[in-house]
*Asks:* 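Below is the structure I would like to discuss, written out as structure tokens.
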Amino acid sequence: MNRILTIFAIIVLAHTAMAQYKPTDNMITYHKVQVEDCNVFYREAGSAEKPAVLLLHGFPSSSHMFRELIPELADEFHLIAPDFPAFGQTESPDREHFIYSFDHLARIVDKFTEAVGLTKFAMYVFDYGAPIGYRLALWHPERVTAIISQNGNMYEDGLGKKWEARKEYWKNPTDELRKQFASAYALETIIGQYTFGTPEGSIGPDGYSLDYYYVNLPGRAEMQNDLILDYRSNVALYPQFQQYLRTYQPPLLAVWGENDPSFIPAGAESFRRDLPNVEIHFVPSGHFALESHYTEIVRLMRDFLKRNR
């Protein structure tokens with residue numbers, strides 16, 4: 001009888017502890033919300049009462065790229081990181097019923113912010129996330145409190161040599177060239193995106209392995225091909241993005257992997273033309289600078305965001 005009572009007491013105490021347990025601010029939670037035909041997956045941490053930061057990932061990644069950064073900042077900020085359609089855990093509708101363009105992805109993210117109640121927020125933009133975030137700024141300049149651009153380009157000067165071939169493809173988008181650019185999500189290419197220009201041994205395999213899995217899910221290859229071709233729409237909008245900077249003078253922190261062959265350091269330096277007060281920092285890394293230098297980027301972000309809430 002005593003044994004039974006003891007077990008019963010343990011069960012009651014465990015149940016009480018679980019009932020009283022609440023996630024801490026720096027704990028990441030995982031959710032989905034319906035936006036148009038997409039069930040958008042997102043990560044969230046930090047109190048909704050704190051200043052919000054919208055984290056926009058790049059290619060071929062997902063919100064997983066912010067796994068180290070989010071808990072480091074959640075004590076002072078409310079962080080939300082969605083996966084775009086065709087990326088990560090977000091539902092990816094068939095191409096016959098969904099247009100895979102940057103403008104449409106930006107519209108989805110715009111509606112996503114409204115669905116989760118973000119009315120004012122700073123943005124962390126990287127790679128593909130940059131032209132998506134810059135569209136949000138064009139559409140709703142009153143909502144954007146500050147921008148952190150980590151290799152998030154908006155200048156022709158910032159396009160590395162690899163873009164020369166893509167520009168030719170944009171002018172003449174043949175089926176043959178479309179097939180050739182499928183190499184962008186081959187495993188060796190993705191590994192190269194992560195490791196090129198980074199200190200030896202500083203990049204773990206988790207990020208690029210997960211990216212390779214997601215980008216090769218059924219149907220996603222053609223979705224990604226659509227976006228590779230549509231990237232020309234982003235370059236066409238560069239003058240409008242630059243005009244936004246000149247008009248609204250948003251606080252902007254540019255943190256750049258200085259060895260990135262895709263978006264070269266000139267892209268960061270070019271912000272000075274339109275934002276005299278821009279803050280620019282280079283880290284000795286490549287394209288995915290957050291993988292090897294998240295501690296330094298967190299420190300820079302915390303200082304910047306405290307001054308620009």
Side-chain angles (χ1 to χ4, degrees), residues 32-43 52-63 65-66 79-95 97-155 158-159 166 170 214-215 220 222-245 247-248 250 252 262-263 267:
K32 286 190 174 182
V33 63
Q34 193 70 29
V35 180
E36 291 188 7
D37 294 332
C38 300
N39 202 8
V40 178
F41 171 87
Y42 65 100
R43 300 163 195 258
V53 185
L54 178 66
L55 305 168
L56 300 177
H57 67 80
F59 170 85
S61 195
S62 67
S63 60
M65 68 172 283
F66 300 113
L79 300 112
I80 294 185
D83 288 354
F84 308 144
F87 294 85
Q89 289 284 335
T90 288
E91 182 180 318
S92 302
D94 189 276
R95 291 170 63 243
H97 305 97
F98 188 94
I99 297 172
Y100 284 91
S101 68
F102 282 88
D103 190 73
H104 196 185
L105 264 57
R107 296 289 177 188
I108 294 293
V109 174
D110 186 22
K111 293 177 181 179
F112 165 81
T113 63
E114 295 173 353
V116 298
L118 291 184
T119 56
K120 281 192 175 295
F121 49 87
M123 295 190 303
Y124 181 116
V125 298
F126 164 67
D127 188 69
Y128 274 20
I132 290 172
Y134 297 151
R135 280 174 169 83
L136 299 187
L138 281 179
W139 299 337
H140 309 291
E142 75 285 355
R143 296 183 186 177
V144 179
T145 60
I147 299 171
I148 299 96
S149 176
Q150 188 252 294
N151 299 73
N153 191 58
M154 67 160 69
Y155 295 92
L159 298 175
R166 295 203 176 193
W170 298 338
Y214 282 139
V215 83
R220 290 205 176 178
E222 288 304 310
M223 298 170 191
Q224 295 297 340
N225 281 338
D226 289 347
L227 291 171
I228 288 173
L229 177 59
D230 189 63
Y231 200 91
R232 58 188 173 181
S233 71
N234 301 327
V235 179
L237 283 175
Y238 280 179
Q240 292 186 46
F241 296 157
Q242 295 158 21
Q243 183 60 52
Y244 158 77
L245 297 184
T247 300
Y248 294 98
L252 193 147
S262 296
F263 300 117

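Numbering of residues begins at 1 and proceeds along the displayed sequence. None of the values given here were measured: they were computed from a predicted structure.
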*Asks:* Could you check if a side-chain atom of Trp139 sits within less than 4.5 angstrom of a side-chain atom of Asp110, using non-hydrogen atoms only?
*Replies:* yes
*Asks:* For the residue pair Pro85 and Ser92, what are the closest heavy atoms and their distance?
*Replies:*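 So the two residues come closest at C-OG, 4.0 Å.
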*Asks:* Without hydrogens or angle criteria, can the side chains of Gln242 and Tyr155 be said to hold a donor-acceptor pair below 3.5 Å?
*Replies:* no
*Asks:* Please evaluate residues Asn39 and Thr90 with respect to the criterion side chain to side chain contact (heavy atoms under 4.5 Å, CB included), reporting the C-alpha separation (whole Å), side-chain torsions for both, the decisive distance (0.1 Å), and the verdict.
*Replies:* CA-CA 6 Å; Asn39 202 8; Thr90 288; over 6 Å; no
*Asks:* Does Leu245 reach the side chain of Met154, with side-chain heavy atoms less than 4.5 Å apart?
*Replies:* yes
*Asks:* Applying side chain to side chain contact (heavy atoms under 4.5 Å, CB included) to Arg143 and Met123, what does each step give before you reach the verdict?
*Replies:* CA-CA 10 Å; Arg143 296 183 186 177; Met123 295 190 303; over 6 Å; no
*Asks:* Look up atom CG in Asn225 and atom CZ in Arg95, then write down how far apart they are to the nearest 0.5 Å.
*Replies:* 8.0 Å
*Asks:* Among Leu118, Thr119, Val35, Ile80, whose side-chain contact (heavy atoms from CB on, under 4.5 Å) with Thr113 holds?
*Replies:* Leu118
*Asks:* Does the side chain of Phe59 reach to within under 4.5 Å of the side chain of Ser262, using non-hydrogen atoms?
*Replies:*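 Phe59 does not reach Ser262 side chain to side chain.
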*Asks:* Answer yes when Arg220 and Asp226 have at least one side-chain N-carboxylate O distance shorter than 4.0 Å, and no when they do not.
*Replies:* no
*Asks:* CG/Leu105 to CD1/Ile132 distance, rounded to the nearest 0.5 angstrom?
*Replies:* 4.5 Å
*Asks:* Where do Phe241 and Pro131 come nearest, in terms of heavy atoms and distance?
*Replies:*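 Shortest heavy-atom separation between Phe241 and Pro131 comes out as CZ-O, 4.0 Å.
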*Asks:* Could you walk me through whether Gln150 and Met65 pass the side chain to side chain contact (heavy atoms under 4.5 Å, CB included) check?
*Replies:* CA-CA 12 Å; Gln150 188 252 294; Met65 68 172 283; 4.3 Å; yes
*Asks:* With no hydrogens and no angle check, do the side chains of Asn153 and Tyr238 hold a donor and an acceptor under 3.5 Å apart?
*Replies:* yes
*Asks:* I'd like to know whether the aromatic ring centres of Tyr124 and Phe126 sit less than 6.0 Å apart in this structure.
*Replies:*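 Between Phe126 and Tyr124, which both carry aromatic rings, the centre distance is not below 6.0 Å.
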*Asks:* How many angstroms lie between atom OH of Tyr214 and atom CZ of Phe87, to the nearest 0.5 angstrom?
*Replies:* 13.0 Å
*Asks:* So which pairs with a foot in residues 123-140 pass salt bridge (charged side-chain N to carboxylate O under 4.0 Å, His left out), sequence neighbours left out?
*Replies:*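 Non-adjacent pairs meeting salt bridge (charged side-chain N to carboxylate O under 4.0 Å, His left out): Asp103-Arg135.
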*Asks:* Grab the two heavy atoms, one from Gln224 and one from Ala86, that are nearest each other, plus how far apart they are.
*Replies:* NE2-O, 3.0 Å
*Asks:* Check the pair Tyr231 / Phe102 against ring-ring contact (aromatic ring centres under 6.0 Å, His included), numbers first and verdict last.
*Replies:* CA-CA 7 Å; Tyr231 200 91; Phe102 282 88; 5.4 Å; yes
*Asks:* Quick one, Val40 and Lys32 - any side-chain contact, counting heavy atoms below 4.5 Å?
*Replies:* no
*Asks:* Which atom pair, heavy atoms only, marks the closest approach of Ala130 to Gly152?
*Replies:*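 Residues Ala130 and Gly152, closest heavy atoms: CB-CA, 3.5 Å.
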*Asks:* Going through the distances and angles, do Leu56 and Val109 end up as a side chain to side chain contact (heavy atoms under 4.5 Å, CB included)?
*Replies:* CA-CA 9 Å; Leu56 300 177; Val109 174; 4.0 Å; yes
*Asks:* Nearest 0.5 Å, please: how far is SG in Cys38 from NZ in Lys111?
*Replies:* 10.0 Å
*Asks:* Tell me the closest heavy-atom pair linking Val144 and Ala137, and the distance in Å.
*Replies:*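 Shortest heavy-atom separation between Val144 and Ala137 comes out as CG2-CA, 4.0 Å.
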*Asks:* To the closest 0.5 Å, what do you measure between CZ (Phe41) and CD (Gln89)?
*Replies:* 5.5 Å
*Asks:* Determine whether Val33 and Tyr42 make a side-chain contact, defined as any pair of heavy atoms from C-beta on separated by less than 4.5 Å.
*Replies:*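 Yes, close enough: below the 4.5 Å cut-off.
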*Asks:* Determine, stepwise, if the pair His57 / Tyr128 fulfils ring-ring contact (aromatic ring centres under 6.0 Å, His included).
*Replies:* CA-CA 7 Å; His57 67 80; Tyr128 274 20; 8.6 Å; no
*Asks:* Would you kindly say whether Asp83 and Ser63 are connected by a side-chain donor-acceptor distance under 3.5 Å?
*Replies:*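 Result is yes, a qualifying pair exists.
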*Asks:* Do Tyr244 and Tyr134 have ring centroids that are under 6.0 Å from one another?
*Replies:*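 For Tyr134 and Tyr244, the ring centres are not under 6.0 Å apart.
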*Asks:* Specify the closest pair of heavy atoms between Gly133 and Val125, including all atoms of both residues, with the distance to one decimal.
*Replies:*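 In terms of heavy atoms, the two residues are closest at CA-CG1, 4.1 Å.
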*Asks:* Examine distances only and state if a side-chain atom of Thr145 and a backbone atom of Ala122 form a donor-acceptor pair shorter than 3.5 Å.
*Replies:*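 Side chain of Thr145 to backbone of Ala122: a pair is present.
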*Asks:* Got a second to check how far Phe98's CZ is from Glu91's CD, nearest 0.5 Å?
*Replies:*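 It is 10.0 Å, given to the nearest 0.5 Å.
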